Chemist: 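Got a structure for you, questions after.
It should be emphasised that the depicted structure is a prediction, and the values quoted were computed from it without experimental measurement. Numbering of residues begins at 1 and proceeds along the displayed sequence.
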Amino acid sequence: MAAAILHRAALKLRILMQHKVRCHALVDGLVKDKFGLEIGGPSQVFSRKQMPIYHSVGRLDNCDFSQQTTWAKHGEEYAFDKTKASGRNFFCDGSDLSVIPDATYDFVLSSHNLEHFANPVRGIKEWQRVTKRGGSLILVLPHYKYTFDHRRVPTPVAHMLRDYEQGTPETDLIHLDEILENHDLSRDPGAGSLETFRRRSLANFENRCLHHHVFDEENTRDLLMSLGMEVLAVEFAWPFNLFAVAKMQ
């Protein structure tokens, strides 16, 4: 209990000490006055502190797997910034954007949701499809080393590519034993006891809380490059955010 309290206090202090990341100016230029799609928004990281870019975008739609999730409740309109007109919410898996035509958007934003995909390569390929050639991906991931995943090992890119080749569905729980064994509950107080966490994890298709895969700088860069992207920046920022900026080819 004492360790969990200390961890939460340290996390709050680190959040208070946050500042804009070095790649902010690059990203701001990529999204300014352009039309984008966010996956699983809205995201605090894009509204303040490290990567405030909502005020710069021209238009922004959003995709979430349900109208009500653990993190947000959505209507048909996507209100992401009080100074901007609302976009549209699409309710579908971020790895199946069949409701959206090819080359619709100038950029895709994704903060702290790719790790929740059982098949992340399928997700990224869909994001590439709906983005215009030369468009941008702004991706934020939790760096495993600084979260409750710190006992795990970064997922090999070959494993994620194999998930795509084998058509791994979002119902997949192949990583569940590894997660239950290594999840640091002292850093995830909202998860409750191990048994409560296990029950929630077994219902993952309904709540999408599991981190199927874990990321660091190396496998993030390698994954994007393996999918034909030009990686413009990879940057870590306290307390646990890993920023990656890439150009679609």
Side-chain angles (χ1 to χ4, degrees), residues 21-23 26-27 30-31 36-41 43 45-46 50-51 63 65 93-97 105-170 172-176 178-179 182 204 208-237 240-249:
V21 292
R22 293 189 303 275
C23 62
L26 166 67
V27 173
L30 293 172
V31 305
L37 175 69
E38 184 163 9
I39 311 296
S43 306
V45 72
F46 296 136
Q50 294 177 326
M51 183 69 76
C63 165
F65 73 92
D93 270 320
S95 58
D96 181 6
L97 302 176
Y105 297 103
D106 299 305
F107 63 88
V108 170
L109 305 179
S110 169
S111 175
H112 286 258
N113 61 75
L114 187 66
E115 67 275 12
H116 297 281
F117 284 38
N119 195 329
V121 171
R122 183 168 62 192
I124 294 175
K125 282 181 173 288
E126 273 291 84
W127 305 350
Q128 290 176 297
R129 180 186 66 78
V130 302
T131 305
K132 298 172 185 175
R133 186 174 180 83
S136 305
L137 170 64
I138 295 87
L139 178 65
V140 188
L141 295 162
H143 194 303
Y144 87 102
K145 195 177 290 186
Y146 305 99
T147 71
F148 46 68
D149 288 321
H150 66 97
R151 296 170 180 162
R152 298 174 68 186
V153 175
T155 308
V157 171
H159 173 96
M160 291 184 273
L161 292 172
R162 189 164 58 249
D163 278 338
Y164 175 73
E165 292 164 1
Q166 295 175 347
T168 298
E170 291 304 317
D172 184 71
L173 290 176
I174 194 171
H175 293 285
L176 183 56
E178 173 201 356
I179 293 169
N182 294 292
N204 184 68
R208 308 298 176 94
C209 289
L210 279 184
H211 286 188
H212 290 275
H213 306 101
V214 294
F215 295 88
D216 64 2
E217 294 90 342
E218 184 175 356
N219 69 345
T220 298
R221 183 185 296 275
D222 289 349
L223 176 62
L224 298 179
M225 291 177 63
S226 75
L227 297 178
M229 296 190 193
E230 178 186 356
V231 179
L232 304 178
V234 176
E235 181 179 347
F236 171 73
F240 44 63
N241 287 328
L242 184 59
F243 294 84
V245 185
K247 182 178 288 188
M248 311 283 194
Q249 300 296 326

Chemist: On the six-membered ring of F117, is R122 placed so that its NZ or CZ lies under 6.0 angstrom from the centre and within 45° of the ring axis?
Modeler: no

Chemist: Of all heavy-atom pairs between A246 and L224, which one has the smallest distance, and what is that distance?
Modeler: CB-CD1, 4.1 Å

Chemist: Using a 4.5 Å cut-off on heavy atoms from C-beta on, say whether the side chain of S136 contacts that of K247.
Modeler: no

Chemist: Would a distance-only check, ignoring hydrogens and angles, find a side-chain to backbone donor-acceptor pair under 3.5 Å from D172 to D163?
Modeler: no

Chemist: Can you find a heavy atom in the side chain of E235 that is under 4.5 Å from one in the side chain of E217?
Modeler: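 E235 vs E217: side chains apart.
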
Chemist: When you measure from the side chain of N182 to the backbone of E178, do you find a donor-acceptor pair of N or O atoms at a distance under 3.5 Å?
Modeler: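 Yes, the answer is positive, given that a donor and an acceptor are paired below the 3.5 Å cut-off.
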
Chemist: What heavy-atom pair brings F215 and L141 nearest, and what distance separates the two atoms?
Modeler: CG-CD1, 3.7 Å

Chemist: Measuring only between side-chain heavy atoms, which start at C-beta, is S95 closer than 4.5 Å to E170?
Modeler: yes

Chemist: Drop me the distance from I179's CD1 to L173's CG, to the nearest 0.5 angstrom.
Modeler: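 Reported value, rounded in 0.5 Å steps: 8.0 Å.
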
Chemist: With distance as the sole criterion, is a donor-acceptor pair present between the side chains of H116 and H213 under 3.5 Å?
Modeler: no

Chemist: To the nearest 0.5 angstrom, please state how far the CD1 atom of I138 sits from the CG atom of L232.
Modeler: 9.0 Å

Chemist: I'd like to know if D216 and R221 make a salt bridge, using a cut-off of under 4.0 Å between side-chain N and carboxylate O.
Modeler: no

Chemist: Quick one, E230 and V245 - any side-chain contact, counting heavy atoms below 4.5 Å?
Modeler: no

Chemist: Are any of the side-chain heavy atoms of I39 and L109 separated by less than 4.5 Å?
Modeler: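 No, too far: nothing below the 4.5 Å cut-off.
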
Chemist: Would you name the heavy atoms of W127 and V108 that are closest together and state the gap between them?
Modeler: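 Reported closest heavy-atom pair: O-CG2, 4.0 Å.
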
Chemist: Show the numbers, then the answer: is there a side chain to side chain contact (heavy atoms under 4.5 Å, CB included) between I124 and L223?
Modeler: CA-CA 10 Å; I124 294 175; L223 176 62; 3.9 Å; yes

Chemist: Using 4.0 Å as the upper bound for N to carboxylate O, is an ion pair formed by R129 and E126?
Modeler: yes

Chemist: Run M51 and V21 through side chain to side chain contact (heavy atoms under 4.5 Å, CB included) and show every step you take.
Modeler: CA-CA 7 Å; M51 183 69 76; V21 292; 3.6 Å; yes

Chemist: Supply the atom-to-atom distance D149 CG to R152 CZ, rounded to the nearest 0.5 angstrom.
Modeler: 5.0 Å

Chemist: Judged by modelled atom types alone, do N241 and H112 share a side-chain donor-acceptor pair under 3.5 Å?
Modeler: yes

Chemist: Do Y146 and F236 have ring centres separated by under 6.0 Å?
Modeler: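 Yes - the distance between ring centres of Y146 and F236 falls below the 6.0 Å cut-off.
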
Chemist: Do the rings of H211 and F148 sit parallel, tilted or perpendicular, given the 30° and 60° boundaries?
Modeler: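 The arrangement is tilted - the two ring planes meet at 30° to 60°.
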
Chemist: If we count only N and O atoms by modelled type, under 3.5 Å, do the side chains of S110 and E38 hold a donor and an acceptor together?
Modeler: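 Side chains of S110 and E38: no pair found under 3.5 Å.
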
Chemist: Within a 6.0 Å radius of atom CD1 on I174, are there more than 12 heavy atoms belonging to other residues, nucleotides or ligands?
Modeler: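 Open.
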
Chemist: Can you confirm if the aromatic rings of H159 and H212 lie within a centre distance of less than 6.0 Å?
Modeler: no

Chemist: Can you check whether V157 reaches S226 side chain to side chain, under 4.5 Å on heavy atoms?
Modeler: yes

Chemist: Rounded to the nearest 0.5 Å, what's the gap from OG1 on T220 to OH on Y144? Could you check?
Modeler: 11.5 Å

Chemist: Shortest non-hydrogen contact from V45 to F243?
Modeler: CG2-CZ, 3.6 Å

Chemist: Just by distance, do the side chain of Q166 and the backbone of L161 share a donor-acceptor pair under 3.5 Å?
Modeler: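 Absent.
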
Chemist: Would K132 pass as a cation-pi partner of Y105, given that its NZ or CZ must be under 6.0 Å from the six-membered ring centre and within 45 degrees of the axis?
Modeler: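 That pair does not qualify as a cation-pi contact.
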
Chemist: A quick test of your reading: do over 12 heavy atoms of other residues, nucleotides or ligands sit less than 6.0 Å from CZ of R22?
Modeler: no

Chemist: Going through the checks in order, is the side chain to side chain contact (heavy atoms under 4.5 Å, CB included) test met by T131 and F107?
Modeler: CA-CA 6 Å; T131 305; F107 63 88; 5.7 Å; no

Chemist: State, to 0.1 Å, how close C63 and L97 come at their nearest heavy-atom pair, and which atoms those are.
Modeler: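 The answer is SG-CD2, 3.6 Å.
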
Chemist: Could you check whether any side-chain heavy atom of V234 comes within less than 4.5 Å of a side-chain heavy atom of L242, counting everything from C-beta outward?
Modeler: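 With C-beta onward as the side chain, the pair touches.
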
Chemist: Hey, are the side chains of T155 and M160 touching, using non-hydrogen atoms and a 4.5 Å cut-off?
Modeler: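 A side-chain contact exists here, since the closest heavy-atom pair is under 4.5 Å.
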
Chemist: To check you understand the geometry: which heavy-atom pair defines the closest contact between S111 and S43, and what is its length?
Modeler: CB-OG, 3.5 Å

Chemist: Test L176 against N204 for side chain to side chain contact (heavy atoms under 4.5 Å, CB included), laying out the working first.
Modeler: CA-CA 10 Å; L176 183 56; N204 184 68; over 6 Å; no

Chemist: Could you check whether atom CD of Q249 has more than 12 heavy atoms from other residues, nucleotides or ligands sitting under 6.0 Å from it?
Modeler: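 Yes, the 6.0 Å shell around CD holds more than 12 heavy atoms from other groups.
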
